[in-house]
Amino acid sequence: MDDPVLTARELVQDRFPDAQAAFLAGSVLTDRRTPTSDLDMVVLLDGPPAPHRENLVYRGWPVELFVQTEAVWHSFVDQETAKRRSPLLAMCADGTLLVDRDGLGASLQDEARKRWAAGPPPLSEQERDYQRYILTDLLDDLRGCTEPAERVYLVSHMLQRASELVLLIGGHWLGSGKWLSRRLAAADPAVHRALSEAAPQAIAGDAKVFTEVVTEVLDLAGGPLWNGYAIR
């Protein structure tokens with residue numbers, strides 16, 4: 001297929017000739033690019049047809065388009081930041097600036113980089129205790145689990161919860177899917193390796209190491225919490 005950056009620029013010229021700014025982001029720009037990598041693009045317009053999201057194929061490339069106005073961009077970033085997971089900030093902070101009219105693209109990229117570097121809002125004590133309680137409860141369920149199918153779902157859910165807890169208590173951004181793995185690998189390689197190596201063993205029936213690693217994660221957050229936990 002054609003060069004992803006050139007293709008992305010041509011797409012903007014064809015579909016959004018009046019774009020104020022445009023970014024190309026994602027694995028396609030890195031050595032993690034695969035045959036199924038798509039073009040993740042953020043396009044800024046001054047009005048309709050923004051805002052909308054669209055998936056399409058352009059010159060053989062699968063494309064995910066996030067078309068926004070400047071006001072919508074800020075609104076989305078604020079909403080995502082409150083959830084401690086901001087794909088939009090990441091795309092604009094790390095992506096390639098394709099189009100920049102009147103400096104808007106450079107301004108948004110600078111803001112995205114500063115906000116991304118600052119990290120997400122800190123975890124409150126109440127939020128931390130809730131995460132501890134959920135993971136403790138799942139750990140107890142796994143210890144008593146005798147159904148292989150249920151164990152698959154329990155371990156998968158615990159892997160996600162434990163990974164998120166490490167990121168949350170460390171003040172790191174969350175991610176989903178492959179990005180959760182990448183965020184944890186960058187933040188704490190040892191825990192990432194321990195969890196990802198122990199999870200398949202647990203799914204196969206030997207959960208000893210996995211429960212030990214999850215318990216260590218809980219200890220980082222203050223220890224297991226179940227008896228006496230209350231929401232007031």
Checklist line | Pro120 side chain near Thr81 side chain, heavy-atom distance below 4.5 Å | finding: no
Notebook entry, point to check: Is it true that a side-chain atom of Arg128 and a backbone atom of Leu123 form a donor plus acceptor pair closer than 3.5 Å?
Noted result: no
Next item on the list: First locate atom CG of Leu89, then atom CG of Leu108, and finally report the distance between them rounded to the nearest 0.5 Å.
Entry: 10.5 Å
Note to self: Nearest 0.5 angstrom please: Leu56 CG to Trp61 CH2, how far?
What the structure shows: 13.5 Å
Item checked: Heavy-atom pair of closest approach, residues Leu6 and Asp3 -> N-OD2, 2.9 Å
Note to self: With a 3.5 Å distance limit and no angle check, can you tell me whether Glu80 reaches the backbone of Leu88 through a side-chain donor-acceptor pair?
What the structure shows: yes
Item checked: Ion pair check, Arg183 and Asp188, cut-off under 4.0 Å -> no
Note to self: Could you report the tightest heavy-atom contact between Ala199 and Leu159, atom names first, then the distance?
What the structure shows: CB-CD2, 4.3 Å
Note to self: Can you give me the closest heavy-atom contact between Leu97 and Ala22, atom names plus distance?
What the structure shows: CD1-O, 3.5 Å
Check: Cluster question for you: counting only ILVMFWY and a side-chain heavy-atom cut-off of under 4.5 Å, with indirect links fine, are Leu39 and Phe23 together?
Finding: no
Notebook entry, point to check: Is the shortest heavy-atom distance from the side chain of Leu44 to the side chain of Val67 under 4.5 Å?
Noted result: no
Notebook entry, point to check: Do Leu138 and Leu154 have side-chain heavy atoms sitting under 4.5 Å apart?
Noted result: yes
Checklist line | Same apolar cluster (I L V M F W Y, side chains within < 4.5 Å links), Ile134/Ile231 | finding: yes
Margin query: Assess the residue pair Asn55 and Asp38 against the criterion (side chain to side chain contact (heavy atoms under 4.5 Å, CB included)); give the C-alpha distance rounded to whole Å, side-chain angles, the decisive distance to 0.1 Å, and a yes or no.
Written below: CA-CA 10 Å; Asn55 287 16; Asp38 55 14; over 6 Å; no
Check: Are Val42 and Val5 connected, step by step, through hydrophobic side chains (Ile, Leu, Val, Met, Phe, Trp, Tyr) whose heavy atoms are closer than 4.5 Å?
Finding: no
Next item on the list: Return the minimal non-hydrogen interatomic distance between Ser196 and Pro200, and the atom names on each side.
Entry: O-CD, 3.0 Å
Next item on the list: For the residue pair Gln131 and Glu127, confirm or rule out a side-chain donor-acceptor distance under 3.5 Å.
Entry: no
Notebook entry, point to check: Between the side chain of Gln109 and the main-chain N/O of Cys92, is any donor-acceptor distance below 3.5 Å?
Noted result: yes
Next item on the list: Side-chain contact test, heavy atoms from C-beta onward, threshold under 4.5 Å: evaluate it for Glu70 versus Asp46 and give yes or no.
Entry: no
Check: Charged N to carboxylate O under 4.0 angstrom, Glu10 versus Arg15?
Finding: no
Next item on the list: Over all heavy atoms of both residues, which pair between Leu24 and Ala8 is shortest? Give the atoms and the distance, please.
Entry: CD2-CB, 4.0 Å
Item checked: Stepwise side chain to side chain contact (heavy atoms under 4.5 Å, CB included) check, Leu98 with Val43 -> CA-CA 9 Å; Leu98 302 170; Val43 179; over 6 Å; no
Margin query: Looking at every non-hydrogen atom in both residues, tell me the closest pair between Gly175 and Leu180 and how far apart they are.
Written below: O-CB, 3.4 Å
Check: Do Met158 and Thr211 come within less than 4.5 Å of each other through their side chains, counting heavy atoms only?
Finding: no
Next item on the list: Determine which pairs satisfy side-chain hydrogen bond (donor to acceptor under 3.5 Å, both in side chains) with at least one residue from residues 167-179, sequence neighbours left out, and list them in order.
Entry: none
Next item on the list: Write out all pairs satisfying salt bridge (Lys or Arg N to Asp or Glu O under 4.0 Å) with one or both partners inside residues 195-208, taking only residues at least two apart or from two chains.
Entry: Lys208-Glu212
Notebook entry, point to check: Should Leu167 and Ser163 count as side-chain neighbours, where that means a heavy-atom distance under 4.5 Å?
Noted result: no
Item checked: Arg53 bridged to Glu64 by N-O distance under 4.0 Å -> yes
Note to self: Nearest 0.5 Å, please: how far is OG in Ser86 from CE in Met91?
What the structure shows: 8.0 Å
Next item on the list: Could you check Gln160 against Leu195 for side chain to side chain contact (heavy atoms under 4.5 Å, CB included), going step by step and ending with a plain yes or no?
Entry: CA-CA 10 Å; Gln160 176 181 338; Leu195 282 170; over 6 Å; no
Next item on the list: Flag the pair Leu45 / Asp18 as yes when at least one side-chain heavy-atom distance between them is below 4.5 Å, and no otherwise.
Entry: no
Notebook entry, point to check: Shared ILVMFWY cluster between Val12 and Val72, side chains joined below 4.5 angstrom?
Noted result: no
Margin query: Please check this pair: side chain of Asp100 against backbone of Ala21, looking for a donor-acceptor N/O pair closer than 3.5 Å.
Written below: no
Notebook entry, point to check: If you measure from CZ on Phe210 to CD on Gln201, what distance do you get to the nearest 0.5 Å?
Noted result: 10.5 Å
Note to self: Show every side-chain hydrogen bond (donor to acceptor under 3.5 Å, both in side chains) that has at least one partner inside residues 144-157, sequence neighbours left out.
What the structure shows: none
Next item on the list: To the nearest 0.5 Å, tell me how far Leu220 CG sits from Leu168 CG.
Entry: 12.5 Å
Notebook entry, point to check: Atom CZ of Arg132 and atom CG of Leu139: how far apart are they, to the nearest 0.5 Å?
Noted result: 13.5 Å
Next item on the list: Evaluate side chain to side chain contact (heavy atoms under 4.5 Å, CB included) for Phe66 paired with Phe76, printing each intermediate quantity in order.
Entry: CA-CA 11 Å; Phe66 302 85; Phe76 265 101; over 6 Å; no
Notebook entry, point to check: Is any side-chain heavy atom of Thr7 less than 4.5 Å from a side-chain heavy atom of Tyr58?
Noted result: yes
Next item on the list: Determine, step by step, whether Arg161 and Asp137 satisfy the salt bridge (Lys or Arg N to Asp or Glu O under 4.0 Å) criterion, reporting the C-alpha distance in whole Å, the side-chain angles of both residues, the deciding distance to 0.1 Å, and the verdict.
Entry: CA-CA 11 Å; Arg161 285 284 186 174; Asp137 194 50; over 6 Å; no
Checklist line | Salt-bridge contact Asp110-Arg113 (side-chain N to carboxylate O under 4.0 Å) | finding: no
Check: Going by the angle between their ring planes, with limits at 30° and 60°, are Phe16 and His52 parallel, tilted or perpendicular?
Finding: tilted
Check: In terms of hydrophobic clusters joined by side-chain contacts under 4.5 Å, are Leu135 and Val166 together?
Finding: yes
